[in-house]
Amino acid sequence: MCLVRLGMFDGTDGTGGVDGVVGPLRPSRPSGGPAGGRRVAVLLFVLPLLGAVGLVLGPSGAAHAASACSGRLVKTVTFSTGSLRVYESRAYACAVTVAAKPGARRAMRVSLQPRGGRAAVDSGTFTKLAGPVTVHALNRCVRASGSIAGKSASTGWILC
């Protein structure tokens with residue numbers, strides 16, 4: 001808290017008092033004035049917005065997997081240990097392999113190949129997802145495959 005001390009030399013604060021101590025520096029605005037109304041309006045707008053975001057994202061970590069690739073989800077292939085998700089945005093395609101039950105580290109792999117090009121691959125031991133891998137796919141078909149702990153799935157040629 002910042003306090004202001006008045007009457008430096010003569011021991012008075014200029015009103016006849018001795019060495020007066022004034023409270024914290026604040027603008028002299030009556031409480032509940034225009035600033036208080038704006039504050040309430042902002043809270044009434046922000047709190048429901050934050051609640052809606054919480055409902056969209058949900059309590060699970062699935063929101064992180066969905067946000068790994070930009071663009072729109074065009075294909076999801078599920079298998080016993082997870083799912084393979086392919087996204088498309090303008091000239092690019094992106095893929096991730098997402099574990100059904102995140103937790104322990106296990107072997108995961110995701111591969112995305114444009115027709116006539118090299119595959120982009122991410123493999124290793126992960127807890128939640130493998131990827132994202134992105135390839136340039138403007139006017140080209142792509143195929144994706146993913147695996148988690150020996151179980152796998154693939155899409156065939158899509159986005160043609």
Side-chain angles (χ1 to χ4, degrees), residues 1-3 24-160:
M1 181 179 282
C2 179
L3 299 177
L25 290 177
R26 292 188 190 166
S28 59
R29 184 179 287 157
S31 62
R38 275 188 240 124
R39 189 175 299 128
V40 169
V42 168
L43 285 175
L44 289 175
F45 176 74
V46 170
L47 290 177
L49 186 64
L50 289 174
V53 169
L55 289 175
V56 169
L57 296 180
S60 68
H64 295 294
S67 65
C69 287
S70 63
R72 66 181 184 95
L73 180 65
V74 291
K75 184 82 170 176
T76 301
V77 181
T78 58
F79 50 101
S80 62
T81 55
S83 63
L84 170 65
R85 298 178 186 174
V86 181
Y87 297 82
E88 176 185 35
S89 64
R90 295 201 120 201
Y92 292 91
C94 179
V96 292
T97 301
V98 183
K101 295 181 182 177
R105 289 194 169 274
R106 55 192 168 252
M108 292 188 192
R109 182 179 202 276
V110 63
S111 171
L112 183 63
Q113 178 184 10
R115 190 180 294 250
R118 288 195 107 142
V121 178
D122 183 26
S123 63
T125 56
F126 305 109
T127 58
K128 292 181 185 178
L129 60 96
V133 292
T134 304
V135 296
H136 189 266
L138 183 64
N139 299 323
R140 292 170 32 167
C141 302
V142 296
R143 66 178 169 191
S145 64
S147 67
I148 299 174
K151 308 292 183 189
S152 64
S154 63
T155 62
W157 292 108
I158 59 172
L159 306 179
C160 296

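Of all the heavy atoms in G146 and L84, the pair that sits closest is N-CD2, 3.9 Å. The heavy-atom pair separating R140 from R115 by the smallest distance is NE-O, 3.6 Å. Between A95 and C69 the shortest heavy-atom distance is N-SG, 3.8 Å. The heavy-atom pair separating T134 from C94 by the smallest distance is OG1-SG, 3.7 Å. The nearest pair of heavy atoms linking V135 to A120 is CG1-CB, 3.8 Å. The two residues S89 and G71 have their closest heavy-atom pair at CB-CA, 3.6 Å.
Within the structure, side-chain hydrogen bond (donor to acceptor under 3.5 Å, both in side chains) pairs that include any residue of residues 143-160 comprise Q113-R143 (at least two apart or interchain).
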**OP:** Might you work through the side chain to side chain contact (heavy atoms under 4.5 Å, CB included) test for V96 and V110, ending with a clear yes or no?
**Re:** CA-CA 6 Å; V96 292; V110 63; 5.6 Å; no
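By the 4.5 Å heavy-atom criterion applied to side chains, V142 and P114 are counted as neighbours.
Every salt bridge (charged side-chain N to carboxylate O under 4.0 Å, His left out) that R72 has, sequence neighbours left out, goes to E88. Applying the ring pair (Phe, Tyr, Trp, His ring centres under 6.0 Å) criterion to F126, with sequence neighbours excluded, gives no partner residue.
Of the possible donor and acceptor atoms, one in the side chain of T81 sits under 3.5 Å from a partner among the backbone N and O of I148. In this structure, R105 contributes its side chain and T125 its backbone to a donor-acceptor pair below 3.5 Å.
Distance check: L112 CG to Y87 OH gives 13.0 Å after rounding to the nearest 0.5 Å. Annotation: the span from R90 atom CZ to L138 atom CG amounts to 9.5 Å, rounded to 0.5 Å.
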